[in-house]
Novice: 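This is the structure, below, for whatever I ask next.
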Amino acid sequence: MNAALMERPQSILPQIQFGRVFFPLLPYDVVVFDLDGTLTDSQLGIYRCARYALEKMGFPVPDDAVLRKFMGPPLAESYMKYCGMTEAEAVRGTDLYRERYIPIGWKENNVFPLIRPLLKALRDQGAYLAVATGKPQKTSEDILRYFGLLPYLDAVAGPDDSDMHADKGDLIRRVLPKGYRRAVMVGDTAGDVKGAQDCGIDSIGALYGYGENADLLAARPTHTAEDTQALCALLCPDMPPRKGCFITLEGVDGCGKSTQASALQQRLEQFGYPVRRTREPGGCLIAEEIRKIVLAKEDGGMCPETEALLFAAARAQHVKEVILPAVARGEVVLCDRFVDSSLVYQGMARGLDAEWVKEINRAAYREGAPDATLYLRMSHVDAMARRLAASDPDRIEKAGDSFHARTEAAYEQLMRENPDRFIAVNAAQAPEQVTEEAFGRLFARMVERGVL
Ligand code: TYD
């Protein structure tokens with residue numbers, strides 16, 4: 001067992017500290033994190049911006065092993081050291097880097113897995129949390145805000161534009177609160193460890209970050225963490241298991257659900273969530289077989305009851321085999337269509353009794369209700385024109401204009417009946433705008449409900 005765990009205080013009586021209830025079972029009451037390579041994986045944005053500048057200046061782009069060395073030290077220094085630039089060229093290279101970094105590059109970042117639930121659990125147990133980073137203060141705050149991490153933090157310290165060579169120890173001192181008992185700095189470089197030693201506090205070397213591990217270990221951190229799972233075990237031994245959630249996407253044929261589902265998956269993964277993307281009808285072997293029958297291109301004269309039962313049969317398998325287990329593992333399940341599609345298409349549009357449709361979909365109603373449904377709202381006429389431009393329609397898409405008009409009206413009715421679950425987004429906007437709005441609203445709603 002590691003030292004921090006062995007020394008855990010035995011008292012479990014909560015105390016008031018830093019103006020809130022603190023549970024003394026946490027090994028540290030103050031945790032200061034480095035940002036890049038510790039909370040977030042910013043490699044992609046940094047590589048792309050460095051490449052952008054090099055290409056614009058006509059310099060050969062070094063391979064990824066060399067670009068990795070750009071993580072951490074000042075950029076101009078790396079341009080001179082690894083790309084043979086003069087000082088003036090390195091200044092120009094830095095300006096060009098910013099030309100891409102400021103509008104786009106800073107968002108090309110991923111929150112490491114488990115970081116969000118770790119911050120939440122520490123905060124819920126009363127710890128004081130801060131960031132001390134070599135990245136400029138304003139950019140750091142923008143990144144933390146964008147990725148929804150800022151609300152968990154009590155303080156952020158980074159250099160301002162005039163003091164780009166700020167000392168890590170000074171940055172850590174700026175965020176340490178008065179009256180702390182056990183503080184720790186978590187970082188992926190030797191500089192983080194030395195900064196902690198300078199302030200007389202413990203340190204955890206994040207071996208999963210970008211820092212050279214040999215240097216990091218040579219600085220003798222108090223503990224090391226191979227990955228974020230190990231970090232959680234060190235900082236929050238009683239961390240509750242990660243919660244999963246179930247999100248469905250709905251809308252008339254051609255409203256752009258598949259495009260949005262992949263964009264949302266990417267966004268959720270960047271935010272550090274494990275995502276299980278799936279679809280209906282389908283999502284597992286048996287349900288995909290049923291899909292072939294129910295969405296055949298030729299009309300075999302299938303009656304509405306058979307159609308409804310086939311969708312329900314595929315769903316029962318999908319709920320039990322895929323959706324429930326993934327939610328139980330703590331994943332975010334993102335499902336393209338679900339039981340609302342049956343209510344809309346088989347119930348309201350084909351005219352089957354809604355109660356019967358609900359009855360045959362018990363598996364979905366009993367255990368598999370979605371936490372949120374993103375409704376991509378669009379006129380069925382525009383959506384069908386878009387759909388037909390893409391590929392041949394299936395049996396249901398060929399059902400005719402009045403059928404699709406009924407699906408649109410039915411979605412509008414379901415939206416009005418389920419205001420707590422539905423999030424309606426105008427899907428006629430440009431796809432990037434739809435994603436922006438859909439993700440923003442979904443994330444806010446899920447956080448507010450404590451689901452994400
Ligand atoms: P799909 O090719 O997945 O289309 P889309 O991209 O629009 O989702 O086909 C799914 C079709 O099946 C779609 O026309 C809606 C229909 N459907 C139902 O009628 N009932 C249901 O329960 C489900 C899940 C889908």
Side-chain angles (χ1 to χ4, degrees), residues 246-265 277-284 286-299 302-319 322-323 333-354 356-365 368-370 373-411 414 427 431 434:
F246 180 28
I247 298 164
T248 59
L249 281 93
E250 294 282 355
V252 297
D253 284 285
C255 66
K257 276 184 293 79
S258 313
T259 310
Q260 291 308 321
S262 50
L264 288 175
Q265 172 175 14
R277 188 172 151 206
T278 185
R279 67 166 181 186
E280 287 213 342
C284 56
I286 292 173
E288 288 290 339
E289 286 300 311
I290 299 176
R291 179 184 176 96
K292 288 182 198 154
I293 305 171
V294 81
L295 295 185
K297 295 254 187 276
E298 65 283 0
D299 180 3
M302 187 182 292
C303 72
E305 287 79 2
T306 305
E307 184 180 280
L309 287 162
L310 285 173
F311 279 119
R315 179 164 303 123
Q317 187 69 30
H318 188 214
V319 166
V322 176
I323 298 174
V333 176
L334 201 56
C335 185
D336 191 338
R337 295 197 183 280
F338 194 58
V339 70
D340 292 315
S341 286
S342 280
L343 288 176
V344 164
Y345 285 78
Q346 284 65 54
M348 299 186 240
R350 293 259 193 249
L352 292 175
D353 176 58
W356 180 73
V357 176
K358 285 185 183 168
E359 182 59 24
I360 61 171
N361 279 287
R362 267 165 178 252
Y365 276 100
T373 296
L374 191 68
Y375 168 37
L376 297 174
R377 201 174 183 194
M378 193 171 185
S379 116
H380 71 281
V381 179
D382 296 347
M384 191 46 78
R386 203 148 92 172
R387 171 66 195 83
L388 295 179
S391 63
D392 281 352
D394 61 40
R395 199 176 58 80
I396 292 180
E397 285 159 346
K398 283 185 200 149
D401 185 65
S402 70
F403 176 86
H404 291 292
R406 286 199 297 281
T407 64
E408 185 186 343
Y411 271 122
L414 276 185
V434 178

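Just follow the structure's listing: the first ligand is 1, and inside any ligand the first atom is 1.
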Novice: Could you check which of His404, Glu397, Arg279, Lys398 puts a non-hydrogen atom nearest to atom 4 (O) of ligand 1?
Specialist: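 Result: the heavy atom closest to atom 4 (O) of ligand 1 is in Glu397.
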
Novice: Would you please classify the geometry between the Phe403 ring and the Tyr345 ring as parallel, tilted or perpendicular, with 30° and 60° separating the classes?
Specialist: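 Plane angle between 30° and 60°, so tilted.
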
Novice: Write out the residue and atom name of the closest protein heavy atom to atom 20 (N) of ligand 1, then the distance separating them to 0.1 Å.
Specialist: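 Of every protein heavy atom, Gln346 OE1, 2.8 Å lies nearest to atom 20 (N) of ligand 1.
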
Novice: Without swapping roles, check the side chain of Glu280 against the backbone of Asp336 for a donor-acceptor pair under 3.5 Å.
Specialist: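 A pair under 3.5 Å: no.
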
Novice: For ligand 1, which part of Arg315 has a heavy atom less than 4.0 Å away: the side chain, the backbone, both, or neither?
Specialist: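 Only the side chain of Arg315 comes within reach of ligand 1.
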
Novice: Can you tell me the protein heavy atom closest to atom 10 (C) of ligand 1 and the distance?
Specialist: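 Residue, atom and distance for the closest contact: Leu295 CD1, 3.7 Å.
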
Novice: With a heavy-atom distance limit of 4.0 Å, tell me whether Arg387 approaches ligand 1 through its side chain, its backbone, both, or neither.
Specialist: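 For Arg387, no heavy atom sits under 4.0 Å from ligand 1.
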
Novice: Report the C-alpha distance between Leu374 and Leu264 in whole Å, list the side-chain angles of each, state the deciding distance to 0.1 Å, and finish with yes or no for side chain to side chain contact (heavy atoms under 4.5 Å, CB included).
Specialist: CA-CA 11 Å; Leu374 191 68; Leu264 288 175; 3.5 Å; yes

Novice: For atom CD1 of Ile286, is the number of surrounding heavy atoms from other residues, nucleotides or ligands below 6.0 Å larger than 12?
Specialist: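 Check fails, neighbour count at 12 or below.
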
Novice: At a non-hydrogen distance cut-off of under 4.0 Å, which region of Arg350 contacts ligand 1 (side chain, backbone, both, or neither)?
Specialist: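 Neither; nothing of Arg350 gets under 4.0 Å from ligand 1.
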
Novice: Among all protein heavy atoms, pick out the one at the shortest distance from atom 22 (O) of ligand 1; state its residue, atom name and that distance to 0.1 Å.
Specialist: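 Answer, as residue, atom name and distance: Ser342 OG, 2.6 Å.
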
Novice: Side chains of Ser379 and Glu408: is there a donor and an acceptor less than 3.5 Å apart?
Specialist: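 Side chains of Ser379 and Glu408: no pair found under 3.5 Å.
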
Novice: Students should be able to answer this: which protein heavy-atom is nearest to atom 6 (O) of ligand 1, and at what distance?
Specialist: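 Nearest protein contact, heavy atoms only, for atom 6 (O) of ligand 1 is Lys257 NZ, 3.6 Å.
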
Novice: If the cut-off is 4.0 Å to any non-hydrogen atom of Arg291, which atoms of ligand 1 fall inside it?
Specialist: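 This gives 1 (P), 2 (O), 3 (O) as the contact atoms.
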
Novice: As a check for students: among Phe338, Phe311, Phe403, identify the option with a heavy atom nearest to atom 17 (N) of ligand 1.
Specialist: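 Of the listed residues, Phe311 has the closest heavy atom.
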
Novice: Using only atom types and a distance under 3.5 Å, with no angle test, would you say the side chain of Asp353 pairs donor to acceptor with the backbone of Trp356?
Specialist: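 Yes; at least one donor-acceptor contact below 3.5 Å.
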
Novice: Per the side chain to side chain donor-acceptor pair (under 3.5 Å) rule, which among Asp401, Asp253, Thr407 passes with His380?
Specialist: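 Of the listed options, the one satisfying the test is Asp401.
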
Novice: Given Val252, Thr248, Asp253, identify the one with the heavy atom nearest to atom 14 (O) of ligand 1.
Specialist: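 Considering heavy atoms of Val252, Thr248, Asp253, the nearest to atom 14 (O) of ligand 1 sits in Asp253.
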
Novice: Would the distance check show the side chain of Glu307 and the main-chain N or O of Val294 forming a donor-acceptor pair, the cut-off being under 3.5 Å?
Specialist: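 Pair absent, no side-chain N/O of Glu307 close to backbone of Val294.
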
Novice: Please examine the side chains of Val252 and His404, heavy atoms only from C-beta on, and report whether any two atoms are closer than 4.5 Å.
Specialist: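 With C-beta onward as the side chain, the pair stays apart.
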
Novice: Examine the proximity of ligand 1 to Val339 and report which part, side chain or backbone, both or neither, has a heavy atom under 4.0 Å away.
Specialist: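 Neither part.
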
Novice: At less than 4.0 angstrom from any non-hydrogen atom of Glu280, what atoms of ligand 1 do you find?
Specialist: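 Matching atoms, with element in brackets: 24 (C).
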
Novice: Where's the contact between Glu307 and ligand 1, heavy-atom distance under 4.0 Å: side chain, backbone, both or neither?
Specialist: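 Glu307 to ligand 1: no contact under 4.0 Å from either part.
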
Novice: Heavy atom under 4.0 Å from ligand 1: found in Arg337's side chain, backbone, both, or neither?
Specialist: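 Under 4.0 Å from ligand 1, Arg337 contributes side-chain atoms alone.
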
Novice: Verify, without hydrogens or angle tests, whether Arg387 (side chain) and Asp392 (backbone) share a donor-acceptor contact under 3.5 angstrom.
Specialist: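 Checked: pair present.
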
